[in-house]
2 protein chains.
Amino acid sequence: MKHTRIQQSAQGEAGRQLMFCFVMAGRAIEQRLEDALGPVGLSLAKFGALTHLVEAGEPLNLSECAKKMACVRSNITQLMDRLEADGLVRREEDPDDRRAIRAAVTAQGARRQAAGAKEVARVQRQLIDVLGDTDHEAVQRLLLTIV
Amino acid sequence: MKHTRIQQSAQGEAGRQLMFCFVMAGRAIEQRLEDALGPVGLSLAKFGALTHLVEAGEPLNLSECAKKMACVRSNITQLMDRLEADGLVRREEDPDDRRAIRAAVTAQGARRQAAGAKEVARVQRQLIDVLGDTDHEAVQRLLLTIV
DNA sequence: CGCGTATGCTTCATATATGAATTTTATATG
DNA sequence: CATATAAAATTCATATATGAAGCATACGCG
């Protein structure tokens with residue numbers, strides 16, 4: 001007697017289609033990141049925005065942020081609202097374009113981002129650990145093919 | 001002297017940390033599924049709920065649904081509200097437990113689920129295509145390890 | 001120069017998800 | 001049996017995300 005039944009009921013759907021495994025893996029990692037960032041006072045979305053700003057080294061238009069984060073602008077508007085409420089980002093007028101708003105990281109924002117980066121690196125190490133002797137390069141290529 | 005700078009900024013998007021590749025791949029597939037299901041009149045969340053109900057072959061308590069879908073119950077409450085508004089699911093009282101509500105798929109819900117399953121299968125074939133000669137079993141094992 | 005179109009941001013409605021608080025009902029235990 | 005505790009569902013506040021609609025500004029072209 002096979003144990004497909006056991007596997008199915010034990011884990012939900014062990015025999016799931018491959019694509020759902022990708023989705024579940026992505027979500028599982030997201031969850032770990034959220035859990036790691038929570039104590040620092042960041043969410044994954046906030047950390048992502050701060051990181052783009054820090055890496056840019058200068059204030060960015062909200063449209064540029066949206067492009068970097070691959071999302072619509074109304075999402076950035078709200079995200080910046082929350083980051084500004086947290087005191088991690090400041091909205092500045094763009095001297096070159098009166099329509100545009102630039103997001104500038106505050107000192108506190110930069111510190112928070114650095115703290116978040118440490119946590120993210122920790123999670124990354126855990127992942128590497130789980131992958132064991134798997135060829136990371138190959139996996140990454142595969143994933144980027146999908147994206 | 002460390003080379004954190006190089007690692008962080010050298011390759012821009014391409015050199016992203018492995019974990020973000022998993023997250024992005026998962027989201028990319030999710031997006032494809034949403035796009036495929038949209039024309040059928042379903043979202044991925046709705047399709048998932050309907051599929052669990054259809055596969056169960058009988059009405060399920062909302063708590064059971066939450067467990068199968070790995071989410072909190074308040075999420076299911078809202079999802080069922082929308083599915084019920086769409087006429088795809090019906091809430092029934094549980095004769096054995098007056099606290100419980102059971103979700104039953106309607107005939108229309110079953111048809112919609114079947115239509116959705118066809119689209120999902122199409123996306124799955126596309127994914128298999130993209131993966132080419134990669135060892136699917138190995139990939140799936142890897143992904144389930146992460147989950 | 002002025003007008004039409006494009007761009008930048010915000011606002012609103014909606015979907016998905018979480019978690020805390022609440023209500024109702026079940027169950028266990030003293 | 002009464003009461004304490006647990007479990008089921010909902011409600012509310014909030015975060016994240018999308019897309020449509022709207023307003024202000026920029027820009028190209030006749």
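We name chains A, B, ... by the order of the sequence lines, and we start the count at 1 in each one.
Both A:Phe22 and B:Ile128 are assigned to one and the same hydrophobic cluster, defined by single-linkage of ILVMFWY side chains at heavy-atom distances under 4.5 Å.
Here the closest non-hydrogen pair linking B:Val105 and B:Ala110 is CG1-N, 3.5 Å. A pairwise comparison of heavy atoms in B:Leu18 and A:Gln124 identifies N-NE2, 3.6 Å as the closest pair.
In terms of polar N and O atoms assigned as donor or acceptor, the side chain of B:Arg99 comes within less than 3.5 Å of the base of D:dA7 in a complementary pairing. Between the side chain of A:Ser63 and the base of C:dG8 there is no donor-acceptor pair of N/O atoms closer than 3.5 Å.
Nearest-nucleotide mapping onto DNA chain D: of A:Glu30 and B:Ala100, the residue sitting toward the 5' end is B:Ala100.
Heavy atoms of B:Thr77 sit under 4.0 angstrom from at least one base atom. Using a 4.0 Å heavy-atom distance criterion, A:Arg102 is classed as making no nucleic acid contact.
Within 6.0 Å of atom CD in A:Glu93, 12 or fewer heavy atoms from other residues, nucleotides or ligands are found, so the atom counts as exposed in its surroundings. Heavy atoms from other residues, nucleotides or ligands lying under 6.0 Å from CZ of A:Arg32 number 12 at most.
Following rounding to the nearest Å, B:Gln31 (CD) and C:dA15 (C1') show an atom-to-atom distance of 13 Å. Between the CD atom of B:Gln78 and the P atom of D:dA15 there is a distance of 15 Å, rounded to whole Å. Residue A:Leu62 contributes atom CG, which lies 14 Å from atom C1' of C:dT11 at whole-angstrom precision. Rounded to a whole Å, the CG atom of A:Leu42 is 10 Å from the P atom of D:dT16. Regarding A:Lys46, its NZ atom lies at a distance of 11 Å from the C1' atom of D:dT16, rounded to whole Å. Rounding to whole angstrom units, CD of residue A:Glu64 and C1' of C:dC9 are separated by 13 Å. If you take CZ of B:Arg27 and P of C:dA15, they are 20 Å apart, rounded to a whole angstrom.
Comment: A:Asp81 engages A:Arg91 in a salt bridge, judged by a side-chain N to carboxylate O separation of less than 4.0 angstrom.
Phosphate proximity of D:dT18 to A:Asn75: present, with a side-chain N or O under 4.0 Å from OP1 or OP2. For C:dA15, the OP1/OP2 oxygens have no side-chain nitrogen or oxygen of B:Arg82 closer than 4.0 Å. Contact check, A:Arg73 against C:dT7: no side-chain N or O comes under 4.0 Å of OP1 or OP2.
With C:dA17, D:dT18, C:dG19 as the choices, the nucleotide that has an atom nearest any side-chain atom of B:Val72 turns out to be C:dG19. Among D:dC12, D:dT16, C:dC12, the nucleotide with an atom closest to any side-chain atom of B:Ser74 is D:dC12. Nearest to the side chain of B:Ile101, among D:dT10, D:dT16, D:dT25, sits D:dT10.
Listed by residue number, the members of residues 84-97 of chain B with any heavy atom below 4.0 angstrom from DNA chain C are B:Asp97.
For A:Arg141, the side-chain contact (heavy atoms from CB on, under 4.5 Å) criterion is met by A:Glu137, A:Ala138, not counting sequence neighbours.
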